[in-house]
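Below: the structure, in structure tokens.
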Amino acid sequence: CSGLSELSRRVMEGDRDGALAEALTVMAQEGPMEVISGHLIPALDEVGRRYETGEFFLPQLMEAAEAASAVCRLAEEELLRLGRSANRGTVVLATVEGDLHDLGKNLVGTVLKSHGYRVVDLGKDVKAEVILEAAQREGAQVVGLSALMTSTVPRMREFIEEARRRGAGFKVIVGGAAVSPAYARSIGADGMSYDAVGAARLVERLLS
Ligand code: B1M
């Protein structure tokens, strides 16, 4: 994996402790956002590529995911320490029912928090009903849904249909590897983004 940093390599190898130690060094030099966008995402992209070409198997995927999550939490702590304390609005986030992929959604949550939003993260494999209840209870201005599989993407359409049927006032944004702008438009989403920083910009635009 030439071209990838030492931190990216440690994440790919699933070396959680090594990745955390390396992340501290990188964070001191480059800052927490760069840890995510310059090291974590390239590592996960490469892991995904290797899984797809059959070079990596499920156990390696899970170990890399675990190392990535630990680094993400570390970067999040630092981002929050540096970030604004203002509450610019509430975003409820979830990975849709049937889908266990949460690394991307977690990154979106981290970046939104660092931009001053209150994030209520409902986790992964979350039923539409639970998301709707939480959005109402928390007074969310935005609900963000993530889906990574073609089999789970339809849950987004169902959620939006149900939310509109109930006259819910929040905006809905969607993302994840299985979502395209055309699909987002076709289901009446208020926006989609290919990455976490784009998701924060989208929320800023929707709430301005
Ligand atoms: Co799985 N998996 N996986 N997996 N996995 C995919 C998605 C797959 C494409 C791999 C493949 O086969 N080619 C494939 C889906 C095929 C399809 O439907 N088209 C797949 C499969 C099949 C499966 C299983 C069925 C495998 C099995 O058990 N045989 C199983 C399903 C479990 C389930 O969900 N029910 C499974 C399990 C897993 C692990 C648990 C091992 C692990 C997930 C760990 C975790 O998330 N905690 C895993 C992983 C890691 C992957 C790949 C390799 C990488 C996904 C990832 O984390 N990427 C993935 C292949 C791939 O995507 N290339 C694959 C890094 C992450 C930072 O990117 O999530 O895209 P991403 O998020 C980005 C953007 O998309 C965007 O911002 C993020 C940051 O830039 N974004 C948003 C995401 N959500 C957003 C929301 C927004 C806005 C932007 O607004 C709200």
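Whatever order the structure lists them in is the order used to number ligands and atoms, beginning at 1.
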For [atom], find the nearest protein heavy atom and state the residue, atom name and distance (0.1 Å precision).
atom: atom 52 (C) of ligand 1; answer: G48 CA, 4.6 Å
atom: atom 40 (C) of ligand 1; answer: M62 CG, 4.5 Å
atom: atom 77 (O) of ligand 1; answer: D195 CA, 3.4 Å

I need the minimum non-hydrogen distance between V96 and A147, along with the two atoms involved. CG2-CB, 3.8 Å
For the residue pair I160 and I187, what are the closest heavy atoms and their distance? CG2-O, 3.3 Å
Do any N/O atoms on [X] end up under 3.5 angstrom from N/O atoms on ligand 1?
X: L58; answer: no
X: K124; answer: no
X: T150; answer: yes
X: S151; answer: no

Taking side chain to side chain contact (heavy atoms under 4.5 Å, CB included) as the test, write out the residues that go with A65, two or more places apart. L103
Atom 1 (Co) of ligand 1: which protein N, O or S atoms are under 2.8 Å away? H101 NE2
Using heavy-atom distances, let me know which of G144, S146, G198, P59 sits nearest atom 84 (N) of ligand 1. S146
Please tell me whether H39 and E30 have a donor and an acceptor in their side chains that are separated by less than 3.5 angstrom. yes
Please test R10 against E13 for salt bridge (charged side-chain N to carboxylate O under 4.0 Å, His left out), starting from the C-alpha separation and ending with a verdict. CA-CA 5 Å; R10 301 262 177 179; E13 286 161 9; 5.3 Å; no
Hydrophobic cluster membership, V120 vs L132, 4.5 Å side-chain cutoff: yes
